[in-house]
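Heads up: the structure comes next, in structure tokens.
For this chain, numbers begin at 1 and follow the sequence in order.
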Amino acid sequence: LDDQPSCYRDMYPKGTEGPHHLAIFAADYDAEIARYSSMGYEIAFSGSNRDMRFAYFDTSKDLGVMIEVLEDVASVREAFARIKQAGDSWDGTELIRGSAQQAPIT
């Protein structure tokens, strides 16, 4: 929402769009970070969210997308399982949106 550089907004030139990233779970997060770094890929953005760490590597030159490395923790796998279940059971007739009353995905 500002003019500061962003790995999310700056992936494509203004007025164009495309896929942003593929995510992978890393059982050994630190080793996977070291592996991508050793291949010459730079971290575009990293951080942590509750009990897991994540990093986006700019692999777009070689792969056309970034790679997001997610620390493999149970709560994140459970969140993705809930998202998959919601998609699997959706018949497409109603738009599904989150609300403040819903429990957040943690």
Side-chain angles (χ1 to χ4, degrees):
L1 300 176
D2 58 35
D3 292 334
Q4 297 299 313
S6 167
C7 78
Y8 298 103
R9 184 194 59 228
D10 300 336
M11 181 76 174
Y12 294 96
K14 190 172 185 160
T16 65
E17 58 186 39
H20 185 267
H21 70 276
L22 297 173
I24 61 166
F25 285 108
D28 185 338
Y29 180 82
D30 295 320
E32 198 67 5
I33 295 300
R35 188 173 77 84
Y36 275 90
S37 295
S38 74
M39 291 187 286
Y41 295 117
E42 293 187 21
I43 294 177
F45 181 70
S46 66
S48 62
N49 184 358
R50 299 182 192 199
D51 60 347
M52 69 119 202
R53 297 174 289 170
F54 64 91
Y56 290 91
F57 281 90
D58 188 358
T59 55
S60 58
K61 181 182 74 165
D62 294 326
L63 303 177
V65 295
M66 291 192 190
I67 294 294
E68 179 186 17
V69 177
L70 296 168
E71 190 168 23
D72 194 353
V73 295
S75 62
V76 176
R77 288 228 181 232
E78 291 163 6
F80 279 111
R82 288 193 307 273
I83 292 166
K84 181 183 183 313
Q85 188 279 326
D88 287 347
S89 64
W90 184 53
D91 65 6
T93 59
E94 282 190 49
L95 182 61
I96 300 172
R97 294 184 188 253
S99 71
Q101 290 76 32
Q102 284 183 302
I105 294 175
T106 58

Q: Using salt bridge (charged side-chain N to carboxylate O under 4.0 Å, His left out) as the criterion, list what pairs up with R53, not counting sequence neighbours.
A: D30, E71
Q.
Under the rule for salt bridge (charged side-chain N to carboxylate O under 4.0 Å, His left out), what residues qualify as partners of D91, not counting sequence neighbours?
A.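 Partners of D91 by the salt bridge (charged side-chain N to carboxylate O under 4.0 Å, His left out) criterion come out as none, since no residue qualifies.
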Over all atoms of both residues, closest heavy-atom pair of [X] and [Y]:
X   : Y   : answer
S48 : F54 : N-CE2, 3.6 Å
Y12 : G64 : OH-O, 3.7 Å
I43 : S46 : CG2-CB, 3.9 Å
D10 : P5  : OD2-CA, 3.3 Å

Q | Check against side-chain contact (heavy atoms from CB on, under 4.5 Å), M52 and S75 | A | CA-CA 9 Å; M52 69 119 202; S75 62; 5.8 Å; no
Q.
With a 3.5 Å distance limit and no angle check, can you tell me whether S38 reaches the backbone of R35 through a side-chain donor-acceptor pair?
A. yes
Q. Is there a donor-acceptor pair under 3.5 Å between the side chain of R50 and the backbone N or O of V76?
A. no
Q.
For D72, give me all partners under side-chain hydrogen bond (donor to acceptor under 3.5 Å, both in side chains), at least two apart in sequence or on another chain.
A.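 side-chain hydrogen bond (donor to acceptor under 3.5 Å, both in side chains) check on D72 returns R77.
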Does one hydrophobic cluster hold both [X] and [Y], with members joined at side-chain heavy-atom distances below 4.5 Å?
X   : Y   : value
V69 : L63 : yes
Y56 : I33 : no
I83 : L70 : yes

Q | Interatomic spacing from CG in D58 to CE in M66 - rounded to 0.5 Å | A | 4.5 Å
Q) Y29: what forms a ring-ring contact (aromatic ring centres under 6.0 Å, His included) with it, not counting sequence neighbours? A) none
Q | Test ring-ring contact (aromatic ring centres under 6.0 Å, His included) applied to Y41 - qualifying residues, sequence neighbours left out | A | none
With a cut-off of 3.5 Å and sequence neighbours excluded, list every side-chain donor-acceptor pair involving residues 16-25.
from: T16; atom 1: OG1; to: P13; atom 2: O; distance (Å): 2.6
from: H20; atom 1: NE2; to: C7; atom 2: O; distance (Å): 2.9
from: H21; atom 1: NE2; to: E68; atom 2: OE1; distance (Å): 3.1

Q.
Does any part of the side chain of S6, heavy atoms only, come nearer than 4.5 Å to the side chain of F45, both counted from C-beta?
A. no
